[in-house]
Amino acid sequence: QVLLVESGGGLVQAGGSLRLSCAASGRSFSSYAMGWFRQAPGKERDIVAAISRTGGNTYYADSVKGRFTISRDNAKNTVYLQMSSLKPEDTAVYYCAAGPKRSDGVIDTAMGYDSWGQGTQVTVSS
């Protein structure tokens, strides 16, 4: 497992942008596929985006396609989520997750991840 620490959340107006970061420490970061999830009050934790070990493959939930971009810098042990054109319905706690993966594929379900960050709040005002 790895230790994950998210940062970059905050309050933003609708239409604005935020960039979330997730710094990893522990075992080899490049051996992990990474993902971003979010959970709004009273709702389940849903996947937002995922990225493969090398960054060569990505996955996005339909609700964020064209607005969010996931990326990673293996030299810095960090994964990012660039969020643009934010909507009030994007308001949630955002979690970073890491999952071991032998191939260069993505993990698009929570069950595939074994390490989670503490979460960072994103609030989008209308």
- Query: Side chains of Thr91 and Gln121: does their closest heavy-atom pair fall under 4.5 Å?
  - Reply: yes
- Considering non-hydrogen atoms only, spot the tightest contact between Val2 and Ser115 and give its length. N-OG, 3.0 Å
- Message: Measuring only between side-chain heavy atoms, which start at C-beta, is Met83 closer than 4.5 Å to Val122?
- Response: yes
- Set of side chain to side chain contact (heavy atoms under 4.5 Å, CB included) partners for Ser71, sequence neighbours left out: Tyr80
- Message: Quick test of your reading: applying salt bridge (Lys or Arg N to Asp or Glu O under 4.0 Å), list the pairs with at least one residue in residues 52-64, sequence neighbours left out, ordered by first then second residue.
- Response: Asp62-Lys65
- Query: Any disulfide bond (SG atoms under 2.5 Å apart) pairs touching residues 64-93, not counting sequence neighbours?
  - Reply: none
Ignoring hydrogens and angles, write down the donor-acceptor pairs under 3.5 Å from the side chains of residues 4-20, residues two or more places apart or on other chains.
residue : atom : partner : partner atom : Å
Glu6    : OE1  : Gln118  : N            : 3.0
Glu6    : OE1  : Gln118  : NE2          : 3.4
Glu6    : OE1  : Gly119  : N            : 2.9
Glu6    : OE2  : Cys96   : N            : 2.8
Glu6    : OE2  : Gly119  : N            : 3.3

- Under 3.5 Å donor-acceptor, Ser31 side chain and Phe29 backbone: no
- Note on the structure: Residue set satisfying side chain to side chain donor-acceptor pair (under 3.5 Å) with Thr58, at least two apart, ordered chain then number -> none
- Please list all pairs passing the salt bridge (Lys or Arg N to Asp or Glu O under 4.0 Å) test where one or both residues lie in residues 32-44, with sequence neighbours left out. Arg38-Asp90
- Using salt bridge (charged side-chain N to carboxylate O under 4.0 Å, His left out) as the criterion, list what pairs up with Arg72, not counting sequence neighbours. none
- Query: Nearest heavy-atom pair of Asp114 and Tyr32: which atoms, and what distance?
  - Reply: OD1-CE2, 4.0 Å
- Note on the structure: Residue set satisfying side chain to side chain donor-acceptor pair (under 3.5 Å) with Ser52, at least two apart, ordered chain then number -> Asp104
- Query: Between Trp36 and Ile70, what is the shortest heavy-atom contact and its length?
  - Reply: CD1-CD1, 3.6 Å
- Query: Is there a side-chain contact between Thr69 and Tyr60, using heavy atoms and a 4.5 Å cut-off?
  - Reply: yes
- Task: With sequence neighbours left out, write down each residue that passes side chain to side chain donor-acceptor pair (under 3.5 Å) with Glu89, or none if nothing qualifies.
- Result: none
- Note on the structure: Residue pairs meeting salt bridge (Lys or Arg N to Asp or Glu O under 4.0 Å), one or both in residues 116-126, sequence neighbours left out, come to none
- Message: To the closest 0.5 Å, what do you measure between CG (Asp73) and OG (Ser30)?
- Response: 11.5 Å
- Remaining members of the apolar cluster that contains Val106, side-chain heavy atoms under 4.5 Å: Phe37, Ile47, Tyr59, Val93, Tyr95, Ile107, Tyr113, Trp116
- Query: Roughly how far, to the nearest 0.5 Å, is the CG atom of Leu81 from the OG1 atom of Thr120?
  - Reply: 11.0 Å
- Query: So do the side chains of Ser84 and Phe68 get within less than 4.5 Å of each other, counting heavy atoms only?
  - Reply: no
